[in-house]
Amino acid sequence: MHWNTVRPDLGCDGVAGLTAAAVVLPKAMAFATVAGLPVVVGLYTAFVPAALYGLLGSSRVLSVSSTTTLAILTGAELGSVAAEGDPAKLAAATATLTALVGFLLVAARLMKLGFVASFISVPVLTGFKAGIGVVILLDQIPKLLGLHVSKQSFFSDLESLVRHLPETSLAALAVGGVTLIVLVITEWFKPHSPVPLGAVAATVVASWLLNLGAAGLPVVGAIPQGLPVFTLPDPALIQALLPGALGIALMSFTESIAAGRAFARPGDPPVDANRELIATGAANLGGALLGAMPAGGGTSQTGVVRAAGGRTQMASLVTAAASLATMLLLAPLLGLLPQATLAAVVIVYSASLIQPTEFQAIYRVRRMEFRWAVVAAIGVLVFGTLQGIVVAIVLSLIGLALQTAHPPVFVIGRKRGTDVLRPLSADHPDDETFDGLLILRPEGRLYFANAQNVGERIRTLVAEHAPRVVVLDLSRVPDIEYSALKMLQDGARRTSVTLWLVDCNPGVLDMVRRAGLDHEFGPDHLLFNARTAIERYRELQAPSVPR
């Protein structure tokens, strides 16, 4: 059992787990209906996967059950193989799909594909979190107001919400509004207290005493009681469900990583992407045998765990235990929970995903990355969660390409009166250079995407300084690709300027030798470092002493 060296606190983690259960269980049941499955499947999904991830996961607070996107994708896949609604076939198809998702996640770990999650940069993650936060708020506001809005796209849902505002239920608004005010005040003055759990319990009691469901206030509704039934996957369905399982596995992994990293605190150990593949894979494989639908980390319930004071995965085990208790004992009580109360809890704890101060900090440091954050947020709103994550990854890759496509090429001078070599700068106008000698230092990996840009920069500097010898200092180049080597080779052939390569690290030197540049340039043109090149140049320029 692993809780990242932090001792579980049964008080904090227990309250956080129970508070999360108040959010996770009704949402999981709702997601089951979105997938076209019985509501009890949602309880199974909040039980087995949550418990297995709690034992294996690397995130201290990630809460694993189902999510909106996973439910939508699951429903589409199950509808293609069990459209007639036969309960036995639907259960077998669900087990098969969930097992395939788990198998694919474990297989991805064996192929060491966890690095894919590292392609989301911090600014892009900030934008992604904000976009998710806005989506969650829009998803919950209709429930807070007692409205029913058909889910389509973000902007369509927003337009529909505005159009239906006159139909707001005063009873739902009163219950949800009071809960919201209590939670906001509590979080302001005493964060991480058990008040949210008390608020949920109080509204359940009020719903029972006042029979709010019969009065027209939307409640969670009846929940079947009983343990999950052991179900085996159907091998005959593998071929039909495999493509969809691949997309669901990708969604489960990326959502889990994004949620885990979004709620990691500075003192927390980093979320291990490869370990997450194993943990979420095992969670889905185990869940498949006990009636669960595909599962992954969720942002809203993870936000509840963190905000309610959760410190370790003990909170997930408490949530799983609450799911088990609900299946056996508490189903009738939880069925009385008003939807408006649930919406208030989700709104309070999801609003923290939207961090204007983070956007401001990014804007102050780097405007381009601020634009990436904004575009990532808009991408979630326009394209949806899955496509939004794809947008985030693509933005991060584009940003990486832009940064590496134009590596700096510095002209190197020497601090007067010393042996210190450094880039020429307006801050150091007295640095000396050497007539006829130009020392250039590119920085970063040289490869196909930047070879031409580096070559153009070098040619510009050579034309500007008109040297007899160009010293290319490769001390800051960790790797050089064939395209860059060809650039150097072709450049040397097309000019009368002599080219010396200095300070090549072992990997770069090996590539230079493999390309035959050591023979083409000559061994006396491969020197130890720039200081050696300066000494050699001075020796060559010194007038010979007649005998």
Side-chain angles (χ1 to χ4, degrees), residues 20 22-36 39 42 65-72 75 129-184 196 199-200 203-204 206-207 212-223 298-301 303-304 307 334-354 377-378 380-386 388:
V23 174
V24 170
L25 301 189
K27 284 176 72 69
M29 291 183 287
F31 293 151
T33 62
V34 169
V39 292
S65 62
S66 189
T67 68
T68 305
T69 307
L70 294 182
I72 293 171
K129 286 162 48 180
I132 287 292
V134 173
V135 169
I136 293 173
L137 293 182
L138 181 64
D139 181 59
Q140 296 301 314
I141 287 175
K143 298 175 185 176
L144 188 72
L145 303 178
L147 301 175
H148 177 73
V149 176
S150 299
K151 297 290 185 297
Q152 297 180 39
S153 65
F154 176 82
F155 295 102
S156 296
D157 294 349
L158 181 60
E159 184 272 334
S160 181
L161 172 62
V162 172
R163 187 159 29 88
H164 286 86
L165 280 178
E167 304 167 17
T168 297
S169 165
L170 294 180
L173 180 59
V175 171
V178 169
T179 306
L180 190 64
I181 291 170
V182 169
L183 294 179
V184 169
V200 168
T203 53
V204 167
S207 178
L212 296 179
L217 183 69
V219 296
V220 169
I223 302 171
T299 51
S300 60
Q301 58 258 39
V304 171
L334 188 60
L336 297 173
L337 177 65
Q339 292 281 5
T341 297
L342 175 61
V345 174
V346 176
I347 286 172
V348 168
Y349 293 126
S350 298
S352 61
L353 287 171
I354 307 168
I378 294 174
V380 173
L381 303 182
V382 174
F383 301 111
T385 305
L386 175 58

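Computed over heavy atoms, backbone and side chain alike; hydrogens, waters and symmetry mates excluded.
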Under 3.5 Å, which donor-acceptor pairs do the side chains of residues 131-144 form with other protein atoms, sequence neighbours left out?
from   : atom 1 : to     : atom 2 : distance (Å)
Asp139 : OD1    : Lys151 : NZ     : 3.3

Indicate the atoms forming the closest heavy-atom contact of Phe31 with Ala71, along with that distance. O-CB, 3.4 Å
OG1-CG distance between Thr168 and Leu147, expressed to the nearest 0.5 angstrom: 4.5 Å
Taking all atoms of both residues into account, what is the closest heavy-atom pair of Phe155 and Val382, and its distance? CE1-CG2, 3.8 Å
Tell me the closest heavy-atom pair linking Ser66 and Gln301, and the distance in Å. O-NE2, 3.7 Å
Are Val219 and Leu336 side-chain neighbours, meaning at least one heavy-atom pair lies under 4.5 Å? no
What residue pairs, at least two apart or across chains, pass salt bridge (Lys or Arg N to Asp or Glu O under 4.0 Å) with a residue in residues 335-345? none
Work out which heavy atom in Ala172 is nearest to a heavy atom in Leu145; give both atom names and the distance. CB-C, 3.9 Å
Measure the NE2-NE2 distance between His148 and His164 for me, rounded to the nearest 0.5 Å. 8.5 Å
Just verifying a value: how many Å separate Ser156 OG and Leu161 CG, rounded to the nearest 0.5 Å? 12.5 Å
Taking Thr203's backbone N and O only, do any of them form a donor-acceptor pair with Ser207's side chain (distance below 3.5 Å, no angle check)? no
